[in-house]
Amino acid sequence: DKGELSGSVRGDFLLLGLEFVAIFDFAPNVKQITFEFQKIVAIYAVKPIKQGGPPHQLLSIAFGDRSLGEMLANLISVADPGAQTQLTGPWAFLNDINLNGLLISADFTAQIYKVTYKVNANFQLIYIDTIGIEYSKQYGRGRIKLILEGTFFGKAYNGDNALAWD
């Protein structure tokens, strides 16, 4: 009987004054590497998306609980460590744009690219969990879909069952 290996390796790194974490996970038919940097999490995986199916190359990027202003201020401090990193004046509104719930994902094998945002909006009979847009190729032509996930009049629409328009 041949055993199957699975596990995880984690490393904390300091590169050019920047701290980040790299995690490599492996199991039969699955290889995944995760990078974490200042609340941003990027995951690249090669794995089947359906039981017994071929492996797909997948990428997802989540921005954590931070504002667009915080992210830009951090980038400024990386580029110029002595610079003022608080956004003021006409740019202060960027501090109010929260990126928590924003997810960018790609399936390079199927050529499907998505941007979704968790809104968690409740309108009594309608609850919208996530909105998003998806770009894919079908029969060699580009296709863009608007996606809504949530509960509408008591019926759930999520994942492959989400409401979608192109």
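Taken from CG in Leu163 to CD1 in Ile128, the straight-line distance is 9.5 Å, to the nearest 0.5 Å. Taken from CZ in Arg10 to CG in Asp25, the straight-line distance is 11.0 Å, to the nearest 0.5 Å. Remark: Ile61 CD1 to Ile104 CD1 distance equals 5.5 Å, nearest 0.5 Å. Between atom CD of residue Gln32 and atom OG of residue Ser8 there is a gap of 9.0 Å, rounded to the nearest 0.5 Å. For the atom pair Ile97 CD1 and Leu72 CG, the distance stands at 9.5 Å (nearest 0.5 Å). Distance check: Glu134 CD to Arg143 CZ gives 7.5 Å after rounding to the nearest 0.5 Å.
What you find for Ala156 and Asn161 is that their closest heavy atoms are O-ND2, 3.3 Å. When all heavy atoms of Ile112 and Ser136 are compared, the closest pair comes out as CG1-CB, 3.9 Å. Shown here for Arg66 and Asn98, the closest heavy-atom pair between the two residues is O-OD1, 3.1 Å. Across every non-hydrogen atom of Ile144 and Tyr135, the tightest pair is CG1-CD1, 3.9 Å.
Checked against ring-ring contact (aromatic ring centres under 6.0 Å, His included), Phe24 has the following partners two or more places apart in sequence or in another chain: Phe26.
Both Phe13 and Phe35 are part of a single hydrophobic cluster, where members link through side-chain heavy atoms under 4.5 Å apart. Hydrophobic cluster membership differs between Phe37 and Leu14, with clusters built from Ile, Leu, Val, Met, Phe, Trp and Tyr side chains linked at under 4.5 angstrom. Criterion: ILVMFWY side-chain heavy atoms under 4.5 Å apart, direct or through other members. Under it, Ile126 and Tyr117 are part of a common hydrophobic cluster. When the side chains of ILVMFWY residues are joined at heavy-atom separations under 4.5 Å, either directly or via intervening members, Ile131 and Leu68 end up in a single hydrophobic cluster. Note on Leu99 and Leu103: separate hydrophobic clusters, where clusters join Ile, Leu, Val, Met, Phe, Trp and Tyr whose side-chain heavy atoms are under 4.5 Å apart, directly or indirectly.
Around atom CG of Asn158, more than 12 heavy atoms belonging to other residues, nucleotides or ligands sit under 6.0 Å away.
Remark: the Asp107 side chain and the Tyr113 side chain contain no N/O donor-acceptor pair separated by less than 3.5 Å.
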Expected list for residues 39-55: side-chain donor-acceptor pairs under 3.5 angstrom, two or more places apart:
{"residue": "Lys39", "atom": "NZ", "partner": "Asp65", "partner atom": "O", "Å": "3.4"}
{"residue": "Tyr44", "atom": "OH", "partner": "Gln57", "partner atom": "OE1", "Å": "2.9"}

Result block: side-chain N/O donor-acceptor pairs under 3.5 angstrom for residues 147-155, not counting sequence neighbours:
{"residue": "Glu149", "atom": "OE2", "partner": "Gly159", "partner atom": "N", "Å": "3.2"}

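Ile23 places a side-chain heavy atom less than 4.5 Å from the side chain of Glu36.
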